[in-house]
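Each chain gets a letter, A, B and so on, in the order its sequence line appears, and its residues count up from 1. As a basis for the values below, the full set of heavy atoms in this structure was taken, side chains included, without hydrogen atoms, waters or symmetry mates.
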4 protein chains.
Amino acid sequence: MEKITPILNAARDLFAEKGFEQTPIADIAKKAGVAGGTIIYHFKSKENLLFILIRQILYSLYRHAQDEISTATNGLNAVESYIRAFFSFLDSRGSDFKVLLKTNPFEVINLQEHPNADVKLIFDRYLDLLVDAIKRGQADGSIRDGQPAELGKFIFAALFGSAQLKVVFGDSSTNLRDSALHFARAGLKK
Amino acid sequence: MEKITPILNAARDLFAEKGFEQTPIADIAKKAGVAGGTIIYHFKSKENLLFILIRQILYSLYRHAQDEISTATNGLNAVESYIRAFFSFLDSRGSDFKVLLKTNPFEVINLQEHPNADVKLIFDRYLDLLVDAIKRGQADGSIRDGQPAELGKFIFAALFGSAQLKVVFGDSSTNLRDSALHFARAGLKK
Amino acid sequence: MEKITPILNAARDLFAEKGFEQTPIADIAKKAGVAGGTIIYHFKSKENLLFILIRQILYSLYRHAQDEISTATNGLNAVESYIRAFFSFLDSRGSDFKVLLKTNPFEVINLQEHPNADVKLIFDRYLDLLVDAIKRGQADGSIRDGQPAELGKFIFAALFGSAQLKVVFGDSSTNLRDSALHFARAGLKK
Amino acid sequence: MEKITPILNAARDLFAEKGFEQTPIADIAKKAGVAGGTIIYHFKSKENLLFILIRQILYSLYRHAQDEISTATNGLNAVESYIRAFFSFLDSRGSDFKVLLKTNPFEVINLQEHPNADVKLIFDRYLDLLVDAIKRGQADGSIRDGQPAELGKFIFAALFGSAQLKVVFGDSSTNLRDSALHFARAGLKK
DNA sequence: GATGAATGAGCCTTCATTCAT
DNA sequence: GATGAATGAAGGCTCATTCAT
């Protein structure tokens with residue numbers, strides 16, 4: 001029971017470092033100071049371990065954005081907070097984020113299967129945070145007209161693309177963040 | 001010798017569909033109508049087959065962008081052409097693109113090792129096309145000031161993020177393209 | 001202590017349904033509403049649990065035959081009662097019988113090892129019931145001459161073969177019983 | 001390709017000796033002088049290897065009975081030949097037979113699944129040989145009236161029960177055969 | 001008596017790669 | 001150039017059993 005956290009931590013680190021497929025359960029076990037069978041005992045399968053991990057990470061990301069947005073004074077400001085939150089998460093919890101990007105979670109995990117559905121759900125919620133900020137901005141006059149869902153999706157895409165650039169090629173997240181803020185403002189302002 | 005093309009085609013389709021790790025050489029062999037040994041005989045290793053494939057695809061993408069840009073009348077126009085080229089490639093050669101996104105090529109392939117270096121090279125060239133367009137725009141007055149490399153990287157990130165959204169969740173590439181054009185114009189124009 | 005019966009019942013059902021090897025202790029535990037460790041605690045090992053079960057079942061079979069024979073008026077009649085008892089047991093306690101046939105108990109259980117010896121003992125006693133009936137028939141003139149042990153063994157073999165046919169292929173036990181009675185009478189009568 | 005026979009031979013011996021579940025593929029490989037992977041390469045799965053083996057054995061048994069019956073002069077004679085063939089097979093190819101009895105093939109092998117269907121088919125054919133002999137006897141007057149299918153099934157059951165007695169407890173097949181012949185004659189003759 | 005988390009040996013299977021033909 | 005039988009290391013998973021509580 002108290003082995004669950006060490007396992008999750010070991011898995012996070014190894015998945016982030018070498019990827020899901022390249023990480024044998026035995027390695028996780030060794031790093032977590034646990035027997036191989038213990039991992040399956042608690043997580044049923046290696047894939048499910050990934051799923052649990054992804055859900056945790058996604059939820060943290062969601063909460064982090066939510067916190068940041070909560071103090072925004074208007075819609076555009078909320079979008080900026082959302083972007084800042086994304087990059088600060090990326091910086092402070094880079095290892096977590098690598099898991100997200102290195103495992104193509106939505107490929108490895110079959111989203112059709114019931115228990116995985118909530119990963120998609122959290123993901124959607126996280127996107128909604130951005131779309132809602134845009135709607136708010138359109139209501140309070142800080143953001144121009146346009147379909148909030150489409151504007152949101154594109155910004156979202158840009159954020160994940162930036163993260164990939166940082167994670168894969170080591171690009172500076174500061175520069176990417178500033179560019180993201182710049183383009184978002186330019187594209188959204190009235 | 002004449003077995004090489006069928007092998008590449010089969011590999012492309014299968015890598016696109018199920019991913020690199022999930023595709024056994026035996027499956028490629030069967031789909032290509034070839035013996036398993038033949039693939040190793042021609043490509044040395046499975047990883048190298050992926051490398052060859054990625055290089056081909058990346059090069060096509062590069063040429064496609066180059067073609068599109070060649071008729072641009074100014075820098076901003078060239079950037080727009082670059083974006084359009086990206087999405088038209090994504091639409092017409094979706095399977096190729098999936099290979100790029102599903103294999104995290106820059107993870108699987110160790111870019112430090114010599115023969116793989118040119119994948120990174122083509123990749124950089126492709127990015128340079130965009131950066132050069134921005135520089136051109138700054139020279140001809142169609143694009144505002146700012147560091148071309150950073151502006152370019154962000155647009156680039158947004159494009160790949162969009163592709164991922166399309167490939168993974170099936171989002172409309174038309175909407176994503178229009179948003180990309182919108183944000184690029186807004187962020188680059190004087 | 002009061003957990004023993006539920007465990008035995010669950011084990012009986014599962015062994016009958018899926019066989020000994022195919023039934024994990026965990027499944028028995030769940031079905032019995034008991035913890036996994038409890039089963040080992042009470043039965044020492046999975047194999048020993050099977051052994052206890054087999055002994056119970058065999059003893060029931062033995063008692064059932066004994067009861068039926070007790071009212072027989074002569075030897076041939078006793079043999080017929082024995083056969084009828086076998087099939088009525090097979091019908092009324094099919095699940096028990098399946099355990100016997102599905103586990104090849106005499107393979108799984110090493111009869112050389114001391115505590116298991118009494119399974120073989122009960123088995124022999126059960127066979128003796130039949131052999132004794134034949135002897136009795138030879139004494140009272142209802143059964144022809146011949147080696148009782150051999151005649152008995154063959155009838156015995158036929159009964160177990162019939163049970164297997166019923167259990168595996170679902171053949172009618174009524175037909176099999178009538179045939180058994182027919183052949184036994186024909187082969188034993190003077 | 002030339003490894004298939006050694007594998008089948010090794011599997012036959014080991015399944016006969018220790019049973020299907022108790023025989024790791026690695027043991028078969030070692031005994032066959034082959035790599036572990038080779039077995040799966042040729043037989044797809046351990047279960048399928050058993051299936052192939054069972055089919056071979058069953059077919060031999062079938063052919064053996066067919067040969068023996070072919071010279072019978074009448075129906076009753078054919079039944080006797082069938083019984084003799086059974087026991088001579090049991091004696092000369094005891095190891096093969098043990099595989100049949102030790103694996104409860106009809107349990108391990110899911111008869112519903114297509115490729116396994118023919119095991120049941122051969123099995124039925126083998127039984128039909130006996131039923132047809134009984135019909136022939138009823139036609140030529142050497143065998144009394146009665147439902148051939150039921151009479152056949154019972155004799156069949158007796159034969160398999162006898163084999164089990166021999167295999168498990170080492171009973172003499174000569175005695176069992178003579179008893180079988182005795183009871184069959186007594187039960188079938190006019 | 002009972003629990004259930006934890007163990008770790010064991011097993012089947014996968015699969016990239018080799019090599020004799 | 002091409003084949004495909006053969007390999008064997010590697011990995012995910014099962015499960016009877018142990019033991020601290």
Report yes or no: does B:K102 contribute a side-chain atom to a donor-acceptor pair with the main-chain N or O of B:V167 at less than 3.5 Å?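 Checked: no pair found.
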
Identify every side-chain donor-acceptor pair in residues 32-44 of chain C under 3.5 Å, counting partners at least two apart or on other chains, and give the distances.
from: C:T38; atom 1: OG1; to: C:A35; atom 2: O; distance (Å): 3.4

Can you tell me the distance, in whole Å, between the CD atom of A:Q22 and the C1' atom of F:dG12?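 Atom-to-atom, A:Q22 to F:dG12, this comes out as 15 Å.
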
Only one of C:L100, C:D96, C:V99 forms a side chain to side chain contact (heavy atoms under 4.5 Å, CB included) with C:F15, so which one is it?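 The residue from C:L100, C:D96, C:V99 that satisfies side chain to side chain contact (heavy atoms under 4.5 Å, CB included) with C:F15 turns out to be C:V99.
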
For D:A163, all residues meeting side chain to side chain contact (heavy atoms under 4.5 Å, CB included), sequence neighbours excluded: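 For D:A163, the residues satisfying side chain to side chain contact (heavy atoms under 4.5 Å, CB included) (neighbours in sequence not counted) are D:F86, D:L90, D:F97, D:L101.
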
Any residue meeting side-chain hydrogen bond (donor to acceptor under 3.5 Å, both in side chains) with C:S95, in chain and number order, not counting sequence neighbours: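 In terms of side-chain hydrogen bond (donor to acceptor under 3.5 Å, both in side chains), with neighbours along the sequence ignored, C:S95 is linked to no residue.
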
Return the set of residues passing side-chain hydrogen bond (donor to acceptor under 3.5 Å, both in side chains) with A:S45 (not counting sequence neighbours), or none when no residue passes.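 A:S45 satisfies side-chain hydrogen bond (donor to acceptor under 3.5 Å, both in side chains) with no other residue.
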
5′-ward residue of the pair D:P24/C:I4 relative to DNA chain E: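 So the residue in question is C:I4.
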
Proximity to DNA chain E (any heavy atom under 4.0 Å), residues of residues 27-46 of chain D only: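 Listed by number, they are D:I40, D:S45, D:K46.
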
I'd like a table of donor-acceptor pairs (distance under 3.5 Å, sequence neighbours excluded) in which one partner is a side-chain atom from residues 6-13 of chain A, with atom names and distances.
from: A:N9; atom 1: OD1; to: A:R12; atom 2: NH2; distance (Å): 2.7
from: A:N9; atom 1: ND2; to: A:T5; atom 2: O; distance (Å): 3.4

Where are the stems of DNA chain F, defined as at least 3 consecutive Watson-Crick or wobble G-U pairs with both distances under 3.5 Å?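 Counting only runs of 3 or more consecutive pairs, the stems involving DNA chain F are E:2-21 with F:2-21.
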
Quick check for you: name the first and last nucleotides of DNA chain E, 5' to 3', having an atom under 4.0 Å from a heavy atom of chain A.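 Range of nucleotides within reach of chain A: E:dG4 to E:dG8.
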
All salt bridge (charged side-chain N to carboxylate O under 4.0 Å, His left out) counterparts of D:K18, not counting sequence neighbours: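 Salt bridge (charged side-chain N to carboxylate O under 4.0 Å, His left out) check on D:K18 returns D:D27.
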
Examine the side chains of B:R63 and B:Y59 and answer whether a donor and an acceptor come within less than 3.5 Å of each other.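 B:Y59 and B:R63 do have a side-chain donor-acceptor pair below 3.5 Å.
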
C1' spacing across the pair E:dG1 / F:dT21, given as an integer number of angstrom: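 Nearest-Å result for E:dG1 against F:dT21 at atom C1': 13 Å.
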
Mind checking the CG-CD1 spacing from A:L14 to A:I25? Nearest 0.5 Å is all I need.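 Going from CG on A:L14 over to CD1 on A:I25, the span is 12.0 Å.
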
